[in-house]
Amino acid sequence: MKKVLMPILLFVACSWFSSCNLDDDSPNFYFTSLNVVEADVPESFEFGKTYDIDVTYLRPNGCTFFEGFDVTKTAETDRDIVAIGSVLTDEDRACTEAIEEVVATLKFSVIYTNEYHFRFYTGDDENGNATFVEYTIPVTEAEPTN
């Protein structure tokens, strides 16, 4: 019985591998920036703490998925923040076209005592220039612990 079963299993396993087209190495997705609507930032930061900042962005369709944030330090306490998504490009995949607001959390550690300036990318204007929603958050000293 084992001698008959082994060739059958080997045939099935080989057919799985040969049925896939391994020559197609083209990407089935691309990265894109997502437009931020708003960010829920605190009124102030406390030096040395880490904060969860809820960021609301627009998901343009059912084939776009949130991947993370691209945070660029433009000065000591200035940050430009872009929500990054991936868009699936499989031709046989149907995507919903509904735009929805989605919330993602940005973890941010306060390592400077000067106020922070955040600019969240909201898209491009009619001239192709990047637009931002901006927030300034002052930093307070940590409370002494006894």
Side-chain angles (χ1 to χ4, degrees), residues 6 8-146:
M6 283 303 267
I8 294 172
L9 290 175
L10 184 60
F11 174 76
V12 170
C14 289
S15 67
W16 286 336
F17 293 115
S18 65
S19 67
C20 296
N21 182 0
L22 299 177
D23 294 331
D24 183 12
D25 59 355
S26 62
N28 64 348
F29 71 95
Y30 62 90
F31 291 110
T32 189
S33 54
L34 302 170
N35 298 348
V36 171
V37 175
E38 66 179 349
D40 186 14
V41 298
E43 289 184 23
S44 66
F45 286 143
E46 188 175 313
F47 176 75
K49 288 201 170 184
T50 299
Y51 292 85
D52 288 343
I53 299 173
D54 288 335
V55 179
T56 304
Y57 66 90
L58 296 177
R59 181 179 181 212
N61 58 48
C63 286
T64 303
F65 299 94
F66 178 76
E67 295 296 332
F69 293 102
D70 180 22
V71 181
T72 303
K73 180 179 178 179
T74 58
E76 183 178 75
T77 58
D78 294 353
R79 305 291 184 271
D80 284 355
I81 303 162
V82 180
I84 302 296
S86 60
V87 181
L88 298 180
T89 58
D90 293 336
E91 295 170 5
D92 56 345
R93 181 179 176 98
C95 299
T96 61
E97 294 299 319
I99 297 172
E100 65 178 320
E101 288 188 1
V102 182
V103 177
T105 302
L106 169 68
K107 288 204 170 292
F108 187 77
S109 296
V110 180
I111 59 172
Y112 298 105
T113 55
N114 296 332
E115 67 184 9
Y116 280 84
H117 304 278
F118 290 128
R119 296 186 340 145
F120 290 88
Y121 176 77
T122 59
D124 291 339
D125 65 15
E126 61 277 353
N127 296 322
N129 299 315
T131 60
F132 299 89
V133 60
E134 299 184 33
Y135 300 92
T136 299
I137 303 102
V139 177
T140 60
E141 293 294 323
E143 299 284 326
T145 57
N146 293 336

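Below, each value reflects all heavy atoms present in this structure, side chains not excepted, and no hydrogens, waters or symmetry copies. All values derive from a computational prediction rather than experimental measurement.
- Taking the salt bridge (charged side-chain N to carboxylate O under 4.0 Å, His left out) definition, one finds that Lys107 meets it with Asp52, sequence neighbours left out.
- Residues in residues 54-64 take part in these salt bridge (Lys or Arg N to Asp or Glu O under 4.0 Å) pairs, two or more places apart or across chains: Arg59-Glu100.
- Put simply, the side chain of Val102 does not reach to within 4.5 Å of the side chain of Phe66, judged on heavy atoms.
- For the pair Thr77 (side chain) and Glu115 (backbone), a donor-acceptor distance under 3.5 Å is present.
- Scored by the ring pair (Phe, Tyr, Trp, His ring centres under 6.0 Å) test, Tyr112 finds no partners at all (sequence neighbours excluded).
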Quiz item: What's the verdict on side chain to side chain contact (heavy atoms under 4.5 Å, CB included) for Leu106 and Val71, showing C-alpha distance, side-chain angles and the deciding distance?
Solution: CA-CA 10 Å; Leu106 169 68; Val71 181; 4.1 Å; yes

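- Remark: Thr96 pairs with no residue by the side-chain contact (heavy atoms from CB on, under 4.5 Å) rule, at least two apart or across chains.
- Taking each heavy atom of Asn114 and Val139 in turn, the nearest pair found is O-CG2, 3.2 Å.
- One distance of note links NE2 of His117 with OG1 of Thr136; it measures 5.0 Å at 0.5 Å rounding.
- Between the CG atom in Leu88 and the OH atom in Tyr30 there is a gap of 9.5 Å [rounded to 0.5 Å].
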Exercise answer: donor-acceptor pairs, residues 78-85 side-chain atoms, under 3.5 Å, sequence neighbours excluded:
residue: Arg79; atom: NH1; partner: Ala75; partner atom: O; Å: 3.2
residue: Arg79; atom: NH1; partner: Glu76; partner atom: O; Å: 2.9
residue: Arg79; atom: NH2; partner: Glu76; partner atom: O; Å: 3.3
residue: Asp80; atom: OD1; partner: Arg119; partner atom: NE; Å: 2.8
residue: Asp80; atom: OD2; partner: Arg119; partner atom: NH2; Å: 3.2

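- Of all non-hydrogen atoms in Thr50 and Ser109, the two that sit nearest each other are OG1-OG, 2.9 Å.
- With sequence neighbours excluded, the residues that form a ring pair (Phe, Tyr, Trp, His ring centres under 6.0 Å) with Tyr51 are Phe45.
- A heavy-atom distance below 4.5 Å is found between the side chains of Glu141 and Thr113.
- In terms of the side-chain hydrogen bond (donor to acceptor under 3.5 Å, both in side chains) criterion, residue partners of Asp124 (sequence neighbours excluded) are, by chain and number, Tyr121.
- Legend: residues meeting side-chain contact (heavy atoms from CB on, under 4.5 Å) with Glu43, ordered by chain and number and at least two apart, are absent.
- Pro60 and Ile99 make their closest contact through O-CG1, 3.8 Å (heavy atoms, listed as atom of the first residue, atom of the second, distance).
- The structure places CZ of Phe69 at 9.0 Å from CG of Leu34, a figure rounded to the nearest 0.5 Å.
- The heavy-atom pair separating Val41 from Tyr135 by the smallest distance is CG2-CD2, 3.6 Å.
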Exercise. Dump the intermediate steps for side chain to side chain contact (heavy atoms under 4.5 Å, CB included) on Glu38 and Thr56, then the final yes or no.
Key: CA-CA 5 Å; Glu38 66 179 349; Thr56 304; 3.9 Å; yes

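- Qualifying side-chain hydrogen bond (donor to acceptor under 3.5 Å, both in side chains) partners for Asn61, counting only residues two or more places apart in sequence or in other chains: Thr64.
- Every residue two or more places apart in sequence or in another chain that forms a ring pair (Phe, Tyr, Trp, His ring centres under 6.0 Å) with Phe31 is listed here: Phe29.
- Nearest heavy atoms, Phe132 versus Thr122: N-OG1, 3.5 Å.
- Between Ala39 and Ile53, the shortest heavy-atom distance links the atoms CB-CG2, 4.3 Å.
- Under the side-chain hydrogen bond (donor to acceptor under 3.5 Å, both in side chains) criterion, Ser86 pairs with Glu67, sequence neighbours left out.
- Rounding to the nearest 0.5 Å places CZ of Phe118 at 10.5 Å from OG1 of Thr74.
- Partners of Ser33 according to the side-chain hydrogen bond (donor to acceptor under 3.5 Å, both in side chains) rule, which considers only residues two or more places apart in sequence or in another chain, do not exist here.
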